[in-house]
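Okay, structure first, notes after.
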Amino acid sequence: MTLGVALIGTGFMGKCHAMAWRNVATAFGGTPPRLQVLADAAAPDDLARAWGFARATADWQAAIADPGVDVVSITTPNGLHRAMAEAALRAGKHVWLEKPMALTLQDARAMADLAAAHPGQVTLLGYNYLRSPAFQAARALVADGVIGQPLAFRGVYDEDYSADPTLPWSWRMTHQGGGLGALGDLGCHLVSVMVALMGPVAELTAMTQIAVPTRPSPEGPRAVENEDSALALIRFASGAQGSFATSRVARGRKCRLQWEIHGSNGTLVFDQEHMNELWVHRAGDAGFTRHLTGPDQPDFAAFCPAPGHGFGFNEQKVVECRDLIRAIQGTAPCGPDFAAGLTIERIIHAMATSNGRPVTLEAAHEDA
């Protein structure tokens, strides 16, 4: 089975998807996908050729309708996610969609409902940090009971790309264009990790902050509508507790997706800025042991046979692409799909609306 691919969007994540599609067969074998069409308002033919696509188009709807396309990668700004994903599903295509899923919880719910009505089509959301060998190894350690019963989770995802108050206003800072702010851009990644490791969230209490209320624009200062940072306390369905923090204005932080799990028999610690290290403490040890990623951890050997040589951001996306192809072929499930993505959206939107009040996730489902 040769998959025909349409890629919509040529920004940072568009390029990342293109590299994943081009490298997936090299890393994992199988038949390389056909890169059918690259769609973007500013996608010239020479860019399509450089990225390995047969042609370019400015018309994303035509790209989806192309009879040679089986799966659509969507890497556009957030406000276009619902329209494009729903068009692809209605056209009978599989969908690989970058996070966040949608602008609003209502949009995400509608997308999940439509995906459920098309059970023959695979949906996958771009939570690529779930694919790193270190994270996969940590998840296995938790599942195997190596650290005992998980008692507490502490997670942070900080960056500083909006820390400079002179940074110009953009669509990312509006509800209509960006949806949520730090929660939708960064925090949803932390939630995907948290839920994968700790299970469902039962209750949370959160606060958000707009640290820079206005930004410069050609028309003068414009208001920032969504949050620059968020904090939350969490109770999981298991009874474990958690803390959560995310910020796009944390000076000096570049990709601090850092988390730790305290268990009854040990602790795990990970930081994406040092993504090839997993720190493990077992009861009775004097301290922590540093484990470097290597071919004994999931998916590392597909890229490098030698331990300690490093695994990167883009390699995570190749693994994600492999998982999508396997799901389309029916050989293995993959996720988060749109149903699981709706759970993530419920959590971050509950954080956005908590305003210091406890929110049970059941109530959030009904009231948001």
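No experiment lies behind these values; they were computed from the predicted model shown.
- In this structure a side-chain-to-backbone donor-acceptor pair under 3.5 Å is present from Lys93 to Val69.
- Closest heavy-atom contact between Pro295 and Ala306: CD-C, 3.9 Å.
- Val249 and Leu186 fall into different hydrophobic clusters, where Ile, Leu, Val, Met, Phe, Trp and Tyr side chains are chained together by heavy-atom contacts under 4.5 Å.
- Note: Ile234 CD1 to Met198 CE = 9.5 Å, rounded to the nearest 0.5 Å.
- A donor-acceptor pair is defined here as one N or O able to donate and one able to accept, closer than 3.5 Å; no such pair exists between the side chain of Ser354 and the backbone of Met351.
- Listed for the Glu320 side chain is no donor-acceptor partner under 3.5 Å among the backbone atoms of Arg131.
- Ile344 is not listed as a side-chain neighbour of Val195, based on a closest heavy-atom distance of 4.5 Å or more.
- A search for side-chain contact (heavy atoms from CB on, under 4.5 Å) contacts involving Asp107 returns Arg82, Ala102, Leu103, Thr104, not counting sequence neighbours.
- Put simply, CE on Met275 and CZ on Phe270 are 6.0 Å apart, with the number rounded to the nearest 0.5 Å.
- The closest side-chain heavy-atom distance from Arg282 to Asn265 is not below 4.5 Å.
- The pair Asp185-Lys99 counts as a salt bridge, with a side-chain nitrogen and a carboxylate oxygen less than 4.0 angstrom apart.
- Between Leu125 and Asp337, the shortest heavy-atom distance links the atoms CD1-O, 3.6 Å.
- A donor-acceptor pair under 3.5 Å is absent between the side-chain atoms of Gln297 and the main chain of Ala137, judged by distance alone.
- In this structure, the side chain of Ser247 does not engage the main chain of Tyr157 through any donor-acceptor pair within 3.5 Å.
- Applying the under-4.5 Å side-chain rule to Ile, Leu, Val, Met, Phe, Trp and Tyr, the cluster around Val269 extends to Trp279, Phe288.
- Side-chain contact check for Met13 versus Lys317: some heavy-atom pair is nearer than 4.5 Å.
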Quiz item: Where do Val319 and Phe28 land on the side-chain contact (heavy atoms from CB on, under 4.5 Å) test, with the steps shown first?
Solution: CA-CA 9 Å; Val319 177; Phe28 294 107; 3.9 Å; yes
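- Looking at every heavy atom in both residues, Ser264 comes nearest to Gln149 through OG-N, 2.8 Å.
- At a threshold of 4.5 Å between side-chain heavy atoms, the hydrophobic network of Ile, Leu, Val, Met, Phe, Trp and Tyr places Phe313 and Tyr127 in one connected group.
- Hydrophobic cluster membership of Val156, counting Ile, Leu, Val, Met, Phe, Trp and Tyr whose side-chain heavy atoms lie under 4.5 Å apart directly or via other members: none, as it forms a cluster of its own.
- Here the closest heavy-atom approach between residue Ala108 and residue Glu345 is recorded as CB-CG, 3.9 Å.
- The closest side-chain heavy-atom distance from Ser162 to Arg215 is below 4.5 Å.
- Between the side chain of His81 and the backbone N or O of Gly79 there is no donor-acceptor pair closer than 3.5 Å.
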Exercise. Quick one: do Arg346 and Leu105 satisfy side-chain contact (heavy atoms from CB on, under 4.5 Å)? Show the steps, please.
Key: CA-CA 7 Å; Arg346 284 168 170 159; Leu105 185 55; 3.7 Å; yes
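- Between Val318 and Ala27 the shortest heavy-atom distance is CG1-CB, 4.2 Å.
- Judged by distance alone, the side chain of Glu273 and the main-chain N or O of Cys255 form a donor-acceptor pair under 3.5 Å.
- Criterion: ILVMFWY side-chain heavy atoms under 4.5 Å apart, direct or through other members. Under it, Leu97 and Met19 are not part of a common hydrophobic cluster.
- Side-chain contact between Ile64 and Ile8 is present, with heavy atoms from C-beta onward closer than 4.5 Å.
- Leu180 is connected to Val201 through a chain of hydrophobic side-chain contacts under 4.5 Å among Ile, Leu, Val, Met, Phe, Trp and Tyr, so both are in one cluster.
- Taking the side chain as every heavy atom from C-beta outward, Trp259 and Leu268 approach each other to under 4.5 Å.
- In the displayed structure, Glu203 atom CD is contacted under 6.0 Å by more than 12 heavy atoms of other residues, nucleotides or ligands.
- No side-chain heavy atom of Val71 sits under 4.5 Å from any side-chain heavy atom of Val95.
- By the side chain to side chain donor-acceptor pair (under 3.5 Å) test, Arg235 pairs with no residue at all, sequence neighbours left out.
- The backbone N or O of Gly4 sits nowhere less than 3.5 Å from a side-chain atom of Gln36 that would complete a donor-acceptor pair.
- The two atoms that bring Ile210 and Val224 nearest to each other are CD1-O, 3.5 Å, heavy atoms only.
- With values rounded to the nearest 0.5 angstrom, Arg49 atom CZ is found 10.0 Å from Leu47 atom CG.
- Put simply, the side chain of Trp51 reaches to within 4.5 Å of the side chain of Thr10, judged on heavy atoms.
- Met207 and Val191 end up in different hydrophobic clusters when Ile, Leu, Val, Met, Phe, Trp and Tyr side chains are linked at under 4.5 Å.
- The main-chain N or O of Leu278 is never found under 3.5 Å from a side-chain atom of His291 such that the two would form a donor-acceptor pair.
- When atom types are taken as modelled, the side chain of Glu227 and the backbone of Leu183 share a donor-acceptor pair closer than 3.5 angstrom.
- Atoms CZ and CG, on Arg253 and Asp160 in that order, are 10.0 Å from each other to the nearest 0.5 Å.
- With hydrogens and angles left out, the side-chain atoms of Thr166 and Asp164 include a donor and acceptor closer than 3.5 Å.
- Under the ring-ring contact (aromatic ring centres under 6.0 Å, His included) rule, Phe311 has a single partner from Tyr129, Phe135, Phe303, which is Phe303.
- Looking at Ser73 and His17, their side chains do bring a donor and an acceptor atom within 3.5 Å of each other.
- Separating the CG atom in Asn128 from the OG atom in Ser192 is a distance of 8.5 Å, to the nearest 0.5 Å.
- Around the CD atom of Glu219, the shell of radius 6.0 Å holds more than 12 heavy atoms that belong to other residues, nucleotides or ligands.
- In this structure, CD in Gln136 is found 11.5 Å from OG1 in Thr293, a value given to the nearest 0.5 Å.
- Considering only residues two or more places apart in sequence or on other chains, Trp21 meets the ring pair (Phe, Tyr, Trp, His ring centres under 6.0 Å) condition with Trp96.
- For Lys15, the side chain to side chain donor-acceptor pair (under 3.5 Å) test picks out no residue, with sequence neighbours left out.
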